[in-house]
Colleague: 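I'd like to ask you about the structure that follows.
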There are 2 protein chains.
Amino acid sequence: MHYICNIFYYSMLSGKFAISVHILTLLTKFPNDYLSSEFIAGSMNLNPVLVRKEIANLKAHHIVESKEGKNGGTKLSKAASNITLKEIFEMTFENIGLGYAKNQPNPDCPVGKKINQNLEALYVEMNQKVCQQLENISLEDFSTQF
Amino acid sequence: MHYICNIFYYSMLSGKFAISVHILTLLTKFPNDYLSSEFIAGSMNLNPVLVRKEIANLKAHHIVESKEGKNGGTKLSKAASNITLKEIFEMTFENIGLGYAKNQPNPDCPVGKKINQNLEALYVEMNQKVCQQLENISLEDFSTQF
DNA sequence: AAAACTGTAACTTTTTTTATTACTAAATAA
DNA sequence: TTATTTAGTAATAAAAAAAGTTACAGTTTT
């Protein structure tokens, strides 16, 4: 089934990393099976459509592949030992950081003018630290805890 | 003005850390003045009531003090050089981490049963890394960037 | 006494997240 | 070959969370 690629299609799930890791852990546990979105959703207690959306993202990053039709589903397309949590983190577009105020600050105030830029610099550093940590954990490592 | 303490009063602002840092940076820039919530809100383009709520939290942690009445406002109650970003981070109740799925996972699935516990362990480690970083930055350090 | 503040409650509005419904297309199995 | 099961996606609805508003009591200062 083919659709025109829609960049904005993907809705933002707040726990995307958690959801992706959950999906991928299940796929790791059943490396030879195509798991259905229904089955995965059952483990997560989440709507199957949301699971499929999350899988769409993982597919776009080529770490899983799906088969449509009866007995279809999704499986890993590379070994769990060759996938790091850092990769998964980056795939979910999530950023470590402590947020920004929603409103644009006052550009006439010296603090308002620069606050977001200075916070950004701080958060970039955080990301680096966190990525160093996640880079050393493979999906296989994570999955063997279960 | 005194009210009965209400633990649940404090509403959750998503960018609490950012807002607190912004407030504290302003207070650092004017260490001898009581700044009004109106003035602070003007720099942040935020509702003054929200600023006062955030300040209530900072007061509870004894790093700022307020004066009611005419010409009242808020000022730092300790030197900016003696406040670290780690302290501020901890005051905002924010946690580093990459979130959890909203729904309770299926306890009959080996993965569902343990996913949150395993993510938690991962996030605890992240927090430690981030706290190490923030501990080395004082409010004064941060403020001199402006 | 008037004015300018803080503190807080009680809502309301807006935004973001999550869930649902519905339908097309594909693959399999009977 | 036809029914069935599954993915893919759009569109919308519902729920939850965040942000904003209004209102007013209590404090200080002038």
Side-chain angles (χ1 to χ4, degrees), chain A residues 1-19 23 27 33-42 44-60 64-75 92-94 99-105, chain B residues 1-19 23 27 33-42 44-60 64-75 92-94 99-105:
Chain A
M1 191 187 197
H2 297 291
Y3 291 83
I4 293 161
C5 175
N6 179 355
I7 297 177
F8 300 109
Y9 151 72
Y10 191 72
S11 86
M12 284 295 164
L13 299 180
S14 85
K16 284 206 303 292
F17 177 80
I19 292 170
I23 293 169
L27 298 182
D33 297 326
Y34 284 90
L35 303 186
S36 74
S37 61
E38 195 78 29
F39 175 81
I40 294 170
M44 309 182 61
N45 192 19
L46 196 71
N47 194 292
V49 174
L50 300 180
V51 171
R52 296 203 287 268
K53 283 188 180 181
E54 211 51 43
I55 285 173
N57 182 43
L58 298 175
K59 279 182 63 178
V64 304
E65 57 197 65
S66 306
K67 203 171 67 174
E68 292 184 46
K70 193 163 182 178
N71 297 330
T74 302
K75 72 190 254 311
T92 60
F93 310 113
E94 295 212 67
Y100 301 92
K102 280 282 147 34
N103 296 336
Q104 183 170 353
Chain B
M1 189 187 198
H2 296 291
Y3 290 82
I4 291 159
C5 175
N6 180 353
I7 297 176
F8 299 111
Y9 151 73
Y10 190 72
S11 85
M12 283 297 163
L13 300 179
S14 85
K16 283 205 303 292
F17 177 80
I19 292 170
I23 293 170
L27 299 182
D33 298 326
Y34 283 91
L35 303 186
S36 74
S37 61
E38 195 78 30
F39 174 81
I40 295 170
M44 309 182 61
N45 193 17
L46 196 70
N47 192 293
V49 174
L50 301 179
V51 171
R52 296 204 286 270
K53 282 188 180 180
E54 211 51 44
I55 284 174
N57 182 43
L58 298 175
K59 279 181 63 177
V64 303
E65 56 196 66
S66 306
K67 203 171 68 176
E68 291 183 47
K70 193 165 180 176
N71 298 331
T74 303
K75 70 189 252 316
T92 60
F93 311 113
E94 295 212 66
Y100 302 92
K102 280 282 147 33
N103 296 336
Q104 183 171 352

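Naming: A, B, ... by sequence-line order, numbering from 1 per chain.
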Colleague: Sequence neighbours excluded, which residues qualify as side-chain contact (heavy atoms from CB on, under 4.5 Å) partners of B:Asn71?
Modeller: none
Colleague: Is the phosphate of C:dT18, meaning OP1 or OP2, less than 4.0 Å from a side-chain N or O of A:Asn47?
Modeller: no
Colleague: Look at A:Ser36 and D:dT6 and indicate whether a side-chain polar atom (N or O) is within less than 4.0 Å of OP1 or OP2.
Modeller: no
Colleague: Considering only C:dT18, D:dT22, C:dG7, which nucleotide approaches the side chain of B:Ile55 most closely?
Modeller: C:dG7
Colleague: With sequence neighbours excluded, what pairs up with B:Lys59 under the side-chain contact (heavy atoms from CB on, under 4.5 Å) test?
Modeller: B:Ile55, B:Val64, B:Ser66
Colleague: Starting at the 5' end of DNA chain C and moving along, which residue's nearest nucleotide shows up first, A:Gly72 or B:Asn103?
Modeller: B:Asn103
Colleague: Can you tell me the distance, in whole Å, between the CE atom of A:Met44 and the P atom of C:dT18?
Modeller: 11 Å
Colleague: What integer distance in Å separates B:Lys16:NZ from D:dA17:C1'?
Modeller: 12 Å
Colleague: Give the rounded distance in Å between these two atoms: CG of B:Leu50 and C1' of D:dT22.
Modeller: 13 Å
Colleague: Let me know the distance between CG of A:Leu46 and C1' of C:dA19, rounded to the nearest Å.
Modeller: 9 Å
Colleague: Check the interface with nucleotides 28-30 of chain D: list each N/O to N/O pair with the protein under 3.5 Å, or write none.
Modeller:
| from | atom 1 | to | atom 2 | distance (Å) |
| --- | --- | --- | --- | --- |
| D:dT28 | O4' | B:Glu68 | O | 3.4 |
| D:dT28 | O2 | B:Lys70 | N | 3.0 |

Colleague: Quick one: B:Tyr100 OH to C:dT18 P, roughly how many Å, whole number?
Modeller: 15 Å
Colleague: Please determine which of A:Leu46, A:Val49, A:Ile19 meets the side-chain contact (heavy atoms from CB on, under 4.5 Å) test together with A:Glu54.
Modeller: A:Ile19
Colleague: NA contact type, B:Thr74, heavy-atom cut-off 4.0 Å: base, sugar-phosphate, or nothing?
Modeller: nothing
Colleague: Please state whether the phosphate of C:dA19, meaning OP1 or OP2, lies under 4.0 angstrom from any side-chain nitrogen or oxygen of B:Lys102.
Modeller: no
Colleague: Would you indicate, yes or no, if D:dA10 has its OP1 or OP2 atom less than 4.0 angstrom from a side-chain nitrogen or oxygen of A:Lys53?
Modeller: no
Colleague: Name all residues meeting the side-chain contact (heavy atoms from CB on, under 4.5 Å) criterion together with B:Ser37; count only those two or more places apart in sequence or in a different chain, and write none if there are none.
Modeller: B:Pro48, B:Val51, B:Arg52
Colleague: May I have the distance from B:Glu54 (atom CD) to C:dG7 (atom P), rounded to whole angstrom?
Modeller: 13 Å
Colleague: Has B:Glu38 got more than 12 heavy atoms of other residues, nucleotides or ligands less than 6.0 Å from its CD?
Modeller: no
Colleague: Once rounded to the nearest 0.5 Å, what's the spacing between atom CG of B:Leu35 and atom CD1 of B:Ile23?
Modeller: 10.5 Å
Colleague: According to side-chain contact (heavy atoms from CB on, under 4.5 Å), who are the partners of B:Asn45, at least two apart in sequence or on a separate chain?
Modeller: A:Asn103
Colleague: Find the distance A:Ile23:CD1 to D:dA7:C1' and express it as a whole number of Å.
Modeller: 14 Å
Colleague: Which nucleotide wins on minimum distance to the side chain of B:Lys59, given the candidates D:dG20, C:dG7, C:dA9?
Modeller: C:dG7
Colleague: Could you tell me the separation between the CD atom of A:Glu38 and the P atom of D:dG8, rounded to a whole number of Å?
Modeller: 14 Å
